[in-house]
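Atoms within each ligand, like the ligands themselves, are counted from 1 in listed order. Along the sequence shown, the residues carry numbers beginning at 1.
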Amino acid sequence: MLRIGHGYDVHAFAEGRRLILGGVDIPHTRGLDGHSDADVLAHALMDALLGAMRAEDIGQLFPDTDPAYKGADSLKLLAQVANLARERGYRICDCDCTVAAQAPKLAPHRQAMRENLAAAMGVPVDSVGVKATTTERLGFVGREEGIAAWAVALLEQV
Ligand code: MG
């Protein structure tokens, strides 16, 4: 049985934070605000996996009221979610993600993001797509107030 999951996340820019996307520390004037490392791409992907598993969402699994997740490395949380999927009898077949950011340019980091996300989930790089887009200066992304990410994941119940 194949199951599909979809995830969406948004984080606002904040001064004095690092910008971590797909586990890549990207040079920029600001980073994303959040309780963890605010890796919006990893968060969307985790929710896609959890959606396909018909499981909890990441807010339930890793509550932002829990000091254990303060500054957490989201790739480690993604690895935990992938392990949970395997424990519950799912194989991660394929994932694809889109990140919407007006700035900085993300294209040079796409491959590194794919490699990090794939390694965290224990799947081949070929099974993880990452695309980046601007929003043509429209909306909160276009005004450079934050970054949004979407992900889909296909899991097989084995
Ligand atoms: Mg988040």
**Message:** Would the distance check show the side chain of T135 and the main-chain N or O of L138 forming a donor-acceptor pair, the cut-off being under 3.5 Å?
**Reply:**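 Yes, T135 side chain to L138 backbone: donor-acceptor pair under 3.5 Å.
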**Message:** Rounded to the nearest 0.5 Å, what separates atom NZ in K105 from atom CD1 in I26?
**Reply:**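 Going from NZ on K105 over to CD1 on I26, the span is 12.5 Å.
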**Prompt:** In chain order, what residues pass the salt bridge (charged side-chain N to carboxylate O under 4.0 Å, His left out) check against R91, with sequence neighbours excluded?
**Reply:**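 If we apply the salt bridge (charged side-chain N to carboxylate O under 4.0 Å, His left out) test to R91, skipping adjacent residues, the hits are E156.
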**Request:** Could you grab the protein N, O or S atoms closer than 2.8 Å to the Mg ion (ligand 1) for me?
**Result:**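 Metal shell, protein only: D9 OD2, H11 NE2, H43 ND1.
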**Fellow cluster residues of V125, listed by chain then number, with links counted only when side-chain atoms sit under 4.5 Å apart** =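 Grouped by the 4.5 Å side-chain rule, V125 forms a cluster of one, so the answer is none.
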**Request:** Please check if the distance between the ring centroids of F13 and H28 is under 6.0 Å.
**Result:**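 Under 6.0 Å, so yes.
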**Request:** Just jot down the side-chain contact (heavy atoms from CB on, under 4.5 Å) partners of K131, sequence neighbours excluded, or say none.
**Result:**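 In terms of side-chain contact (heavy atoms from CB on, under 4.5 Å), with neighbours along the sequence ignored, K131 is linked to D96, T98.
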